[in-house]
Amino acid sequence: MSSTPYRPGTSDDRYHPGRWIALSVLVLAVLLVAVDATVLGLATPFLTEDLEPTGTQLLWIGDIYSFVIAGLLVSMGSLGDRIGRKKLLLTGATAFGAVSVLNAYANSPEMMILARALLGVAGATLMPSTLALIRNLFHDPRERSFAIGIWGAMASAGAAVGPVIGGVLLEHFWWGSVFLINLPVMAVLVAVGIKMIPESKNPEPGPWDLPSVGLSLVGMVGVVYAVKELAAHGISWAVVLSAVGGGLALLWFVRRQFRLPSPLLDMRLFHHRGFSGAVLADLLTILGLSGLVFFLSQFLQLVQGRSPLEAGLAELPAAIGAVTAGLLAGRAARRFSVRSVVTGGLGAIGLALAVVTLIHKETAYPLLGAVLLVVGVGAGFSFTVTADVILGSVPKEHAGSASAVSETAYELGAALGIALLGSIVTSVYQGFGTPEGVPAATSEAAHESLGGAVESAETLPAQQADALVWAAQEAFVNGLRVAAAVGAVVLLATAVAAWYLLRGQKLEEGIVED
């Protein structure tokens, strides 16, 4: 196999083997960003013991990464279109590695929050750049579909594999090791990427509009923060103000894009029914996947008593299903139709969530594993095809902006999945009755979360502790059932909407430019 770098415009444009090497490097970045979004959850208890953050600081440590990524994706996708996607990717990868060291050796809650925010900035440069470069590396639609399938599989697998990697590392090393694994991967990405990845950008980009960047950041962070706070603490003035402020900023952002000659995001793309349908399906696919994986992880650990590593391994069917379906999605969409595959994927997730309404504390693993496998397969088919539709619906010059839309839908879907389904679980959970004789302070801590109930029960006599934990676990399972029912209705309704919105959509076709 030749190691000559792939160069667009040569006679090998579609078939030079260098593009597959470049792809293997690009998916490394996707895998790491997805892993980093989930791996911190397992390290939190150890990190808390060392840094002693307040409750509010702990929330910011957990959330700031996804806030910043969600807020900057559109801006960074547009920046890559302007300055060059390869340049942005390699710069972001170098920064991601450097900031990972800062995360690993943070010695105060404030330093950790700052480090996580900077990691989010670097992550926001990686995700849209990788997908946009795939758009320019693979000119043959069938090859591009397969490449996007690999990309989507790594994005889905990273979220599911994160707990497994974290579990292994935390059993042998200190909590900072979950960040240091980024270094060798980013080093390979930069070293190989310099030679093998071709540069691409919009030849007539126009200026990068800073007010639009600010509005996008404020709007997305405001909305995501409001959703997460609503899930964690219920309605409050802070939630209302954040939601209203974020919504107004996004509305202003949209109006400004229509007026700009070179917008950060061309809002006219959403007039295309297939594009809008793909974005909606994208968002709600990840909502179902992330919500289910997040809450089943708690179920496996805090209700069924599995270790973090066991719980991570138990969730692997979701990753296996997503990878397998992602690789087959393009072929399936061409053989049947885009809307059949996307609708089928969404329907599969919806039906799997419906099955979750039947689980109880003693549910055997084969049923849980089957549910996770079906969700993974559904997500792999739907997410991969919708990403392909989104990317194929725009001219190559705007690939970064379109990629950012797909990634924003992914991040927002993950946040909404955990937050909206979480608010349902929490509201049902907090209604359980406290066993007689449990002190008020212990009861209050137990009603905060299932983890809080298990921890606070350790201060009680054995009989009271067992009664409190049993009541809390029952309430959590009841909340999980209700949330799964709501999620099933949402996903099945989206499947019906996708059947209409994606009518006539084909992967080989794109929007015809005027």
Item to check | Close side-chain approach of Val489 to Val486, heavy-atom, < 4.5 Å | outcome: no
Item to check | Which atom of Val342 lies closest to which atom of Ser382, heavy atoms considered | outcome: CG1-OG, 3.7 Å
Item to check | Donor-acceptor side-chain pairing of Lys361 and Gln304 below 3.5 angstrom | outcome: no
Item to check | Validation row: Ser276, Leu501 side chains within 4.5 angstrom (heavy atoms) | outcome: no
Checklist outcome for this item: Rounded to the nearest 0.5 Å, the CD atom of Glu143 sits from the CG atom of Leu23 at a distance of 10.5 Å
Checklist entry - Any donor and acceptor pair, going by atom type alone, linking the side chain of Ser216 with main-chain N or O of Val213 inside 3.5 Å? => result no
Checklist outcome for this item: For Ala249, the side chain to side chain contact (heavy atoms under 4.5 Å, CB included) test, sequence neighbours excluded, returns Leu215, Val218
Next on the checklist: Using 0.5 Å steps for rounding, measure from the CZ atom of Arg331 to the CZ atom of Phe336.
Outcome noted: 11.5 Å
Checklist entry - Taking all non-hydrogen atoms of both residues, which atom of Ile349 and which atom of Gly378 are closest, and how far apart? => result CD1-C, 4.0 Å
Item to check | Criterion side-chain contact (heavy atoms from CB on, under 4.5 Å) on Val121 and Met76, from CA distance to verdict | outcome: CA-CA 9 Å; Val121 175; Met76 290 300 181; 4.2 Å; yes
Checklist entry - Which residue pairs satisfy the side-chain hydrogen bond (donor to acceptor under 3.5 Å, both in side chains) criterion with at least one member in residues 478-500, sequence neighbours excluded? => result Asn478-Arg481
Item to check | Nearest-0.5 Å distance that lies between atom CG in Leu480 and atom CZ in Phe299 | outcome: 7.0 Å
Next on the checklist: Please evaluate residues Leu89 and Thr125 with respect to the criterion side-chain contact (heavy atoms from CB on, under 4.5 Å), reporting the C-alpha separation (whole Å), side-chain torsions for both, the decisive distance (0.1 Å), and the verdict.
Outcome noted: CA-CA 6 Å; Leu89 176 74; Thr125 68; over 6 Å; no
Next on the checklist: Leu468 vs Phe432, test: side-chain contact (heavy atoms from CB on, under 4.5 Å). Steps then yes/no.
Outcome noted: CA-CA 10 Å; Leu468 178 63; Phe432 77 87; 4.1 Å; yes
Item to check | Separation between CG of Leu492 and CG of Leu353, rounded to the nearest 0.5 Å | outcome: 8.5 Å
Item to check | Atom pair CZ (Phe146) and CD1 (Ile150), whose distance is rounded to the nearest 0.5 Å | outcome: 4.5 Å
Next on the checklist: Using side-chain contact (heavy atoms from CB on, under 4.5 Å), reason through Val338 and Val389 one step at a time and then give a plain yes or no.
Outcome noted: CA-CA 9 Å; Val338 165; Val389 169; 3.9 Å; yes
Checklist outcome for this item: Heavy-atom nearest pair, Ala147 first then Ile134, reads CB-CG2, 3.9 Å
Next on the checklist: Looking at every heavy atom in both Ala281 and Thr386, which two are closest together, and how far apart are they?
Outcome noted: CB-CG2, 3.7 Å
Item to check | side-chain contact (heavy atoms from CB on, under 4.5 Å) partner of Tyr365, chosen from Thr363, Leu367, Leu368 | outcome: Leu368
Next on the checklist: Testing the basics here: between Gly369 and Pro317, what is the closest heavy-atom pair and its distance to 0.1 Å?
Outcome noted: O-CB, 3.6 Å
Next on the checklist: Once rounded to the nearest 0.5 Å, what's the spacing between atom CH2 of Trp252 and atom CD of Gln257?
Outcome noted: 12.5 Å
Next on the checklist: On a heavy-atom basis, which atom in Ala124 and which in Leu72 lie closest, and how many Å separate them?
Outcome noted: CB-CB, 3.8 Å
